[in-house]
Structures are given as structure tokens and as C-alpha cells.
Amino acid sequence: MYISRVMLNTARRNTQIALNSPNRFHGAIEDSFNEKQDRNLWRIDRLNGNSYMIMVRCSKPDLDSFIEQFSDKGQKAEIISYDKFLESIQNGSIWRFRLVANPTRSIKQDGEERGKVVAHITEKYQLEWLLQKASKNGFHIVQNGTESSASVTASEWKNFKKKNKYSVHLLAVSYDGILQVDDAELFRHALCNGIGREKAYGMGLLTIMRV
């Protein structure tokens, strides 16, 4: 596995458009690989006033074209092997985490086999969604006394049209907090494969750092 990071130039028109229409980033990321079989897990991060594209994938990317479109001339991608870090994760270990996800629920009407997928728009239910996903992905959220350490730091709608003119409306919710690993194998799978829906559009990437 590889984890990559590119600093974006948010003053560029291409970047400004892509920040609101993540299908632009999706297409450029797809073009960074010769083979198309693997899922691209990525997100946009903001740190110390700068914006970055972060990506996790099995194969090593060639991000020169991506940089040409969305970054500064001469900018270099940071690309490192993720394997050693993943192998270091153990049951019981505690980490600070960040996740951008698309928390949703399914609403069934009478007679329908499949329900309509809708976004959780209130913070209460966004956090409940995270707790449910945590238990299925080998970790739990650490408590600060009686309060959860997890918080919603941003919630932003993405409204754009795909090439087929189909309109897409997605809610991107950013979470920060502290977690503890319960099942290292399941947790590694979540780090490499993401959590929740709409991964093609920058959702689902969970990253961690030591507390």
C-alpha cells in the first residue's frame, strides 16, 4: 500500500472548481494509474492554512498530471509506503483520527424493495452513524469522561453534475477524535478500503496519528 499527499494551489481556477465538484479530482486521480482495477481512496485535507489531496492505494501513483492541473509548477508529491505503518497497529493501541465521510441512512416506502438513501444532516445522527461504523470496523471512540472524544468539525454539501449530466448531491462530513483499536485486522481493512459511501468523490478515507 502507498499513501500520497499533494499540496493544492487553491488560487487556481481548476482547483476551485474541483473543490466544489469532486468528480474533477476523481478523474485526475484515475488518470494517475495505468490500471483501473483498484479503488482510489482519497480526500481533501486542510492543515495550517493549506489544502492537500491525500490518497491511499495498493499501487504507486504517477501524480505529475494531477500536479499540473491543481498544484504549483515544480510541486512534488509525497509518496511513501504504508505497509510498515499498517503492520505496527496493534489491538488496544490509541490514535488520534480524522475521517471525511458521507453518513447516510436508507428510508423504505411501502412496497419498495430498496429504500431511498438520504444523508444525516444533524450532528447527533452524524455522530451516531460514526459509532455504528466504528463497531463494524474494529475500533471504538474513546470517551472523555462522559463525553465522546469525536466531534464533527465540518459539514458541506457537494452539488455537481457528472459527464452524463446526472446531478449529484453529497454531504461531506469531517470528523476528528481519538479511537482505540479492538480488532487490528478489521481496522487495517478500514484504513485501506475506507468507511461508508461515495469513496470515488473523496469520502471514506480514515487516517490516524499517534496521540
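Note that the coordinates shown come from a computational prediction; the quantities given were computed from them, not determined experimentally.
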Give every donor-acceptor pair under 3.5 Å between a side-chain atom in residues 193-200 and any protein atom, sequence neighbours left out.
from: Asn193; atom 1: ND2; to: His189; atom 2: O; distance (Å): 2.9
from: Asn193; atom 1: ND2; to: His189; atom 2: NE2; distance (Å): 3.4
from: Lys199; atom 1: NZ; to: Gly196; atom 2: O; distance (Å): 2.3

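- Closest heavy-atom contact between Leu205 and Ile54: CD2-O, 3.6 Å.
- Side-chain contact between Leu171 and Ser155 is present, with heavy atoms from C-beta onward closer than 4.5 Å.
- We find the OG-CE distance between Ser32 and Met55 to be 5.5 Å, quoted to the nearest 0.5 Å.
- Leu130 and Ile121 fall within the same hydrophobic cluster, defined by Ile, Leu, Val, Met, Phe, Trp and Tyr side-chain heavy atoms under 4.5 Å apart, directly or through other members.
- Listed by first and then second residue, the ring-ring contact (aromatic ring centres under 6.0 Å, His included) pairs involving residues 143-175 are Phe160-Tyr201 (not counting sequence neighbours).
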List, one per line, each side-chain donor-acceptor pair under 3.5 Å for residues 63-86, sequence neighbours excluded.
from: Ser65; atom 1: OG; to: Gln69; atom 2: NE2; distance (Å): 3.4
from: Gln69; atom 1: NE2; to: Ser65; atom 2: O; distance (Å): 3.4
from: Ser71; atom 1: OG; to: Met7; atom 2: O; distance (Å): 2.6
from: Asp72; atom 1: OD1; to: Asn9; atom 2: ND2; distance (Å): 2.6
from: Glu78; atom 1: OE2; to: Arg5; atom 2: NE; distance (Å): 3.2
from: Glu78; atom 1: OE2; to: Arg5; atom 2: NH2; distance (Å): 3.1
from: Ser81; atom 1: OG; to: Asp83; atom 2: N; distance (Å): 3.4
from: Asp83; atom 1: OD1; to: Met1; atom 2: N; distance (Å): 2.8
from: Asp83; atom 1: OD2; to: Met1; atom 2: N; distance (Å): 3.4

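- For Gln143, the side-chain contact (heavy atoms from CB on, under 4.5 Å) partners at least two apart in sequence or on another chain are Ser148.
- Counting heavy atoms from C-beta outward, Arg105 and Ile107 have side chains that approach closer than 4.5 Å.
- Two residues are said to be in side-chain contact when any heavy atoms from C-beta on lie closer than 4.5 Å; Arg57 and Tyr2 fail this criterion.
- The shortest heavy-atom contact between Pro61 and Phe33 is CB-CZ, 3.4 Å.
- Ring orientation note: the planes of His120 and Tyr125 are close to parallel, at an angle under 30° on the 30°/60° scale.
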The test is side-chain contact (heavy atoms from CB on, under 4.5 Å); show your working for Asp182 and His140 and say whether it passes. CA-CA 7 Å; Asp182 300 315; His140 68 270; 3.0 Å; yes

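- Separation of atoms OG (Ser149) and CD1 (Ile141) is listed at 6.0 Å; rounding is to 0.5 Å.
- Hydrophobic clustering keeps Met53 apart from Leu99 (ILVMFWY residues linked when any side-chain heavy atoms are closer than 4.5 Å, directly or through intermediates).
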Evaluate the criterion side-chain contact (heavy atoms from CB on, under 4.5 Å) for residue pair Thr104 and Val118; output intermediate values, then yes/no. CA-CA 5 Å; Thr104 60; Val118 298; over 6 Å; no

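- Within the structure, salt bridge (charged side-chain N to carboxylate O under 4.0 Å, His left out) pairs that include any residue of residues 142-158 comprise Glu156-Lys158 (at least two apart or interchain).
- Residues Leu19 and Phe25 form a side-chain contact, since some pair of their non-hydrogen atoms from C-beta on lies under 4.5 Å apart.
- No side-chain heavy atom of Ile44 sits less than 4.5 Å from a side-chain heavy atom of Tyr52.
- In this structure a side-chain-to-backbone donor-acceptor pair under 3.5 Å is present from Arg188 to Ile89.
- Using a 4.5 Å cut-off on side-chain heavy atoms (C-beta onward), His26 and Ser21 make no contact.
- Counting Ile, Leu, Val, Met, Phe, Trp and Tyr side chains that sit under 4.5 Å apart, directly or through other members, Val211 shares a hydrophobic cluster with Ile94, Val142, Ile178.
- Connection of Leu179 to Val56 is established within a shared hydrophobic cluster, with ILVMFWY side chains joined at heavy-atom distances below 4.5 Å, either directly or through further cluster members.
- Listed by first and then second residue, the side-chain hydrogen bond (donor to acceptor under 3.5 Å, both in side chains) pairs that reach into residues 89-101 are Ser93-Trp95, Arg98-Asp176, sequence neighbours excluded.
- Within the 4.5 Å cutoff, side-chain heavy atoms of Asn40 are placed close to those of Glu30.
- To the nearest 0.5 Å, atoms CG (Asn14) and CG (Leu8) are separated by 11.5 Å.
- For residues 127-139, no pair satisfies side-chain hydrogen bond (donor to acceptor under 3.5 Å, both in side chains), with sequence neighbours left out.
- Clustering ILVMFWY residues whenever any of their side-chain heavy atoms sit less than 4.5 angstrom apart, transitively, puts Leu191 in the very cluster that holds Phe139.
- The hydrophobic cluster of Val117 has no other members, since no ILVMFWY side-chain heavy atom comes under 4.5 Å of it.
- With sequence neighbours left out, the side-chain hydrogen bond (donor to acceptor under 3.5 Å, both in side chains) criterion links Asp45 to Arg43.
- With values rounded to the nearest 0.5 angstrom, Asn20 atom CG is found 9.0 Å from Gln16 atom CD.
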Verdict with supporting geometry, Thr122 and Gln126, side-chain contact (heavy atoms from CB on, under 4.5 Å): CA-CA 6 Å; Thr122 61; Gln126 290 166 352; over 6 Å; no

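- Transitive grouping of hydrophobic side chains (ILVMFWY, heavy atoms separated by less than 4.5 Å) keeps Ile3 and Val100 in distinct clusters.
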